[in-house]
There are 2 protein chains.
Amino acid sequence: MPAYKTRAQFVANDLRGRILGGEFPGGSQLRQDALAKDYDVSRIPVREALLALESEGLVEFHAHRGAFTTELSIAKIRELFELRVLLETYMLKRAIPNLTEEQLDDAEGILRKYDAALDSRGQIDNWSEYNFVFHQALYAPANLPETMAIISQLNTKSDRYIRMQLLYTQEIEKAEREHHTLLAFSREGRIEQACQLLEAHILEACEGIVSILEGRAQAQQQTLPNTR
Amino acid sequence: MPAYKTRAQFVANDLRGRILGGEFPGGSQLRQDALAKDYDVSRIPVREALLALESEGLVEFHAHRGAFTTELSIAKIRELFELRVLLETYMLKRAIPNLTEEQLDDAEGILRKYDAALDSRGQIDNWSEYNFVFHQALYAPANLPETMAIISQLNTKSDRYIRMQLLYTQEIEKAEREHHTLLAFSREGRIEQACQLLEAHILEACEGIVSILEGRAQAQQQTLPNTR
DNA sequence: TTTCCGCAGTTTGTATACAGTGTGCAATAA
DNA sequence: TTATTGCACACTGTATACAAACTGCGGAAA
C-alpha cells in the first residue's frame, strides 16, 4: 500500500523534514522543477506541498518569483516563544486536572524512550520530535484541539531554531531533567509549579537560541565590516 | 492591471467571501469543476485556492474525496472564543502603552465609519470586516506580527458564526457602544478595565452564538424525533 | 432477507504542455 | 566609465489531458 494518500502529502512531509533539518538555509529559493525531479513527480504536487508548508510558516510564496524558505528575525523568535509560554501554560493548567494515571504513565514511557535515544547519541533529529510528543501527551487531556493545533504550529515554526540550539549547546540533559520534574509536578497536581517550570523551560530555550544568533550576527559584522 | 497577482489568489479571496457569507452551509462539498467554471479558470488555481482556505480552517480536504466546508461544534466555537480572549487581551495589554494619539484617532475614525454604515443598514457583510479592522487598529501598536496573524486566523474561523449572530439578534448597537468604551479606556491607559471589557465583549458574542445554535439544535430534534 | 462483490460513472489527483512574468546580461549611448 | 534600454532565458502560473481512487448501485451468494 502507498505510504501516503497523495504525492503532494508525501512531498510536503519529506520536504518539511529537510527544511527543519537545515538543508535549506533561510531565504533559499525552492525551485519547483528541481524538487519535482528529486521526488520524481510533476510540479503540481510540489506546488501543493509548498503551499501546505507556506501555511505552516516554513516557506513564503512571492507571486511569479516562487517559494523561499522563511527566516525569522530575533524579534520574531522571541515573539513565538512568548506565545508558546502563554498558550502552553494555559493548556497545561487545563490538562493537569484531567490527567489519568494511564496518561501519566504514557508520558513517562515517552520520557524513557527519550533517555534511551539520548544515550545512543546522534539522534538530535528524532529528539526534536520526541520532545513535542512528550509535551503533547501532557497537554492532550485538556481536550482543546484548536489550541493544540496552534501550539503545534508554533512548535513547527520554532523547530529549526531549537535544533540549532541543541547542535551548539549541550542543553539536552538539562531539558530532559526538567521534563522529569514537569511530569512529577503534573502527577502531583501542582499546577502552579508545573506552569512556572514550563515557562522557564521554554524561555531558557529561547534565550539560548537568541544568544547563538546574536553571536553569529556579531561574527558576521566582524568578517565584513564594510557597512556603508 | 489585474486586480490580483494570480488567479489562485483571486479565487481564494472571492471564495472566502462566499463561504463566510453563508453561501455554502457547513459540510458542503466544493466541486472543483463547478468552481472552475464559475470563475472561468482551470481546476489548478481552484485547487490552490481551496488549499489556502484549508489553511485558514474554512475548508477541509479528504484525499480523493475533495474539499468540504468545515462545520464547528459548539465546543469548538467556545474554544475559539476563549482563545480569542486569551490572545486579544494579551495583545491589548501590550498595545495600550504604545498607542499614539494618531493611532487612537485612526481607530476613532474607523468607529465613525461604522456608525455611518450602521445607519444605512443592510451592511452586515461589511460590518464584520470593519469590526476586525477596528480591533486590529487597537492591537497593531503591540508590534507582534505573529500573534496578530493568529488572532486574524481565529477571527476568520469565527466570522461565519458572528455574522449569523448579527442576523438573528440586534446586538450591533451594543457591540458598537462597547467599542466606544473600549477606545475610551485605551485612550486613558486604563489597561485593566479595557481588557476586562474586551473579555466580556468577546464572551458575550460567544454566548449569543451558542444560544442560537442550541436553539436550532433543539428545533431539529423536535422536527425529527426518530433518533434510534 | 441480508451481505458481499464487482462494475460503471463521477470526481479527484497528477502529468504534460503552454503562456506569462520577472531577471539579468549585453549592447548602446551619454 | 556609468547609466539605460531591450532582448533572451529561466522559472513560475495555468490550461489541458490522462490516471487513479472513491461512490453507489445492481446482482449473486449465504
Side-chain angles (χ1 to χ4, degrees), chain A residues 1-19 23-71 226 228, chain B residues 1-19 23-71 226 228:
Chain A
M1 72 175 173
Y4 289 89
K5 308 237 171 177
T6 68
R7 297 174 209 262
Q9 282 175 25
F10 174 79
V11 174
N13 277 345
D14 191 86
L15 194 54
R16 176 179 21 247
R18 290 170 71 183
I19 293 173
E23 182 171 340
F24 306 95
S28 313
Q29 183 166 11
L30 298 168
R31 294 230 162 65
Q32 301 172 5
D33 240 338
L35 292 174
K37 266 185 203 155
D38 267 19
Y39 291 105
D40 195 36
V41 299
S42 81
R43 273 172 46 226
I44 302 281
V46 170
R47 279 183 67 79
E48 295 192 355
L50 289 171
L51 282 169
L53 296 180
E54 182 186 32
S55 78
E56 297 173 18
L58 297 180
V59 152
E60 264 181 15
F61 266 78
H62 299 270
H64 298 286
R65 300 208 303 115
F68 299 80
T69 53
T70 53
E71 192 157 34
N226 41 346
R228 47 175 77 178
Chain B
M1 73 176 172
Y4 288 89
K5 309 234 172 171
T6 67
R7 298 173 209 260
Q9 282 174 26
F10 173 79
V11 173
N13 276 344
D14 191 85
L15 194 53
R16 176 178 23 244
R18 290 170 72 183
I19 293 174
E23 183 169 341
F24 305 96
S28 312
Q29 182 165 12
L30 297 168
R31 294 232 161 65
Q32 299 171 6
D33 238 338
L35 291 173
K37 268 185 202 155
D38 266 19
Y39 292 104
D40 196 35
V41 298
S42 81
R43 272 172 47 224
I44 303 283
V46 170
R47 279 183 67 80
E48 296 192 355
L50 288 171
L51 283 169
L53 296 181
E54 182 186 32
S55 78
E56 297 172 18
L58 296 181
V59 152
E60 264 181 14
F61 266 79
H62 298 270
H64 299 287
R65 302 207 305 117
F68 300 78
T69 53
T70 52
E71 193 158 33
N226 42 344
R228 49 175 78 177

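What you see is a predicted model, and the numbers here were worked out from it, not measured in a lab. In what follows, chains are A, B, ... by sequence order, proteins preceding strands, each numbered from 1.
Minimum atom distance to the side chain of B/H64 is reached by D/dA21, of the listed C/dA15, D/dG13, D/dA21. Ranking C/dG13, D/dT14, C/dA15 by closeness to the A/T6 side chain, first place goes to C/dG13.
Computed from coordinates, the A/I44 CD1 to D/dA17 C1' distance equals 12 Å when rounded to whole Å. Taking atom CZ of B/F61 as the reference point, atom P of C/dT14 lies 11 Å away to the nearest angstrom. Straight-line distance from the CZ atom of A/R7 to the C1' atom of C/dT12: 13 Å, rounded to whole Å. In this structure, OH of A/Y39 is placed 14 Å from P of C/dA15, rounded to the nearest angstrom. Note: OH (B/Y4) to C1' (D/dG13) measures 18 Å, nearest angstrom. In this structure, A/L35 places its CG atom 15 Å from P of C/dT14, rounding to the nearest Å. If you take CD of A/E48 and P of D/dT14, they are 13 Å apart, rounded to a whole angstrom. When rounded to the nearest whole Å, the span between CG of A/D33 and P of C/dC18 equals 16 Å.
Between the side chain of A/H62 and the backbone N or O of A/F68, no donor-acceptor pair lies under 3.5 Å. The main-chain N or O of A/T69 is never found under 3.5 Å from a side-chain atom of A/S28 such that the two would form a donor-acceptor pair. Of the possible polar contacts, none joining the B/E60 side chain to the B/E71 backbone as a donor-acceptor pair under 3.5 Å is found.
Applying the 3.5 Å distance criterion, the base of D/dG13 shares a donor-acceptor pair with the side chain of A/R43.
Applying the 4.0 Å criterion to OP1 and OP2 of D/dA15, one finds that B/S42 has a side-chain N or O inside that range. In this structure, A/R47 does not reach the D/dT12 phosphate: none of its side-chain N or O atoms is under 4.0 Å from OP1 or OP2. Contact annotation: A/Q32 reaches the phosphate of D/dG13 (side-chain N/O to OP1 or OP2, under 4.0 Å).
Each of A/A8 and A/R65 was assigned the nucleotide of DNA chain C with the nearest heavy atom; the assignment lying further toward the 5' end belongs to A/A8.
Nucleic acid contact for A/L30: sugar-phosphate only, since backbone atoms but no base atoms lie under 4.0 Å from a heavy atom of the residue. Backbone-only contact: B/R31 has heavy atoms under 4.0 Å from sugar-phosphate atoms and none from a base.
With contacts defined as side-chain heavy-atom distances shorter than 4.5 Å, the pair B/E56/B/L53 qualifies. Side-chain contact between A/H64 and B/T6: present, with at least one pair of heavy atoms (C-beta onward) separated by less than 4.5 Å.
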